[in-house]
Amino acid sequence: MKSNFPKNFFWGGATAANQIEGAYNKDGRGLSIQEFLPKGSHGEVSDKVLDSNLKLNAIDFYHRWKEDIDLFKEMGFTALRMSISWSRIFPNGDDEKPNEKGLEFYDKVFSYLKELNIEPIVTLSHYETPYNLAKKYNGFASRKTIDFFMKYVQTVFERYKDKVKYWLTFNEINAILFSPLMAAGVLENRNDINLRFQAVHNTLLASAKVVKLAKEKYKDFKIGCMSIAIPIYTLTAHPDDNIAKMKKDWQNFFFFDVQARGSYPGYIKRYFKENNIDIKMEQGDEEILKNTVDFITFSYYLSTVADNNNNNLFNGFKPLINPTLKQTEWGWNVDPQGLRIILNTLWERYQKPLMIVENGFGAKDQLIEKDGIQTVEDDYRINYMKDHLIQANEAIADGVNLIGYTSWGPIDLVSAGTAQMSKRYGFIYVDLDDQGNGTLNRYKKASFNWYKKVIASNGKSLFEDENK
Ligand code: BG6
């Protein structure tokens, strides 16, 4: 097998402000919903900010950004996916003026990336709606939040237009279906299905408005959408199971369909009708939705199984165990071939450039001393990533237009699902435990040099052992 990764392929890693920056109340930053999720998206919503919440200080990227970016450069990154903390720019979300100090922080970071020739791929909203917007307006359940969001987007577009060209609108937008607070800032009546789909509509509208703005004013920008992509397998060859798969797949496709094709597909209209879901569409909304994205990005961690006995549509992806696969410690099916399948599916369906903007192996690492150096021997992570990249390479050979790969958490960061530090994804170990103790020192894991070789050889090193 040979490497098919094209020249100028984006190689890098992906982060989110709330999981790395810390400095949650420094330099005028306002609170975001993350400060009220001390146990992550799987835990309860708190009514106050608890000191035990690891995201308050996270891995202190706010002060160590240069050191961390230098390490990314040492690995050879040509791209870094990161997000802007909305509440660093508009502390309450509905402020009159932006917070200059917050803008200055990203000025420094983007300038440095430019200097190092690392392309920033910036997520506008990565699970970090300003808390005030959630409390006062119920996040994207209200159309008012679209206006506040657009004001924030206009501000950062104008400020960073010479430094950032690749933008993603909403991180894992389909997570609104099962995590409306985290994905859309919906705090009240989160279980009301009608309200949830109203938030879905408003968020999709906001995403299309971003595309529209870029098309009108920032013509060299490339705007992408971002969803969780989960290949679905059938339990048996029975047609009932295949119908269940088809319906479950709509959870993968619905958000992409609207953002890449520009309208609501028939299956969702039917679902709305049969479930008495009546979302408020205003005149002109359908026209706005026609502003489709330039490229498609997604996160890929696992595949799942369509279970005809658990046939509740649009209730989220429960990672049902596939007996033919191994699982991570957190019960996620490990399925490299699933990546090839989903890449082909998305390419066939949309014919737009694709980017894998999250993929990686969350595991408990052990810091050891080897030849006088502190490191982690993370062969399990290397194997996981190697197997996935080989399947991405296969997809390129199948004809898929894949333009980049940014692995999740190139440096250990706080988990979104469980707010733990011990679920580590990085090539770089950060000395911080689940109780918040540690020096915050950074150490290179074995995967650091492995990834460096992959990037330097544009994927060729993935096949070295095989070709020997
Ligand atoms: C995605 C998110 O859900 O997966 C990230 O976009 C998140 O924010 C990542 O961290 C991994 O999930 P977790 O729960 O292991 O952090």
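Note that these values count all heavy atoms, side chains included, but never hydrogens, waters or copies made by symmetry. Just follow the structure's listing: the first ligand is 1, and inside any ligand the first atom is 1.
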Distance under 6.0 Å and angle within 45° of ring axis: R349 vs F256 = no
task = With a 4.0 angstrom cut-off on heavy atoms, strictly below it, pick out the residues next to ligand 1 and order them by chain and number.
result = Q19, H126, Y127, N171, E172, Y301, W332, E358, W408, S415, A416, G417, K423, Y425
ask   = Does the cation-pi check pass for R88 over F105, that is, NZ or CZ under 6.0 Å from the six-membered ring centre and within 45° of its axis?
value = yes
query = Is the F149-F170 ring centre distance short of 6.0 angstrom?
reply = yes
query = Could you walk me through whether E358 and T406 pass the side chain to side chain donor-acceptor pair (under 3.5 Å) check?
reply = CA-CA 6 Å; E358 281 188 36; T406 57; over 6 Å; no
ask   = Are R196 and D192 ion-paired here, with the side-chain N under 4.0 Å from a carboxylate O?
value = no
ask   = Do you see a donor-acceptor pair shorter than 3.5 Å between the side chains of N194 and Q198?
value = no
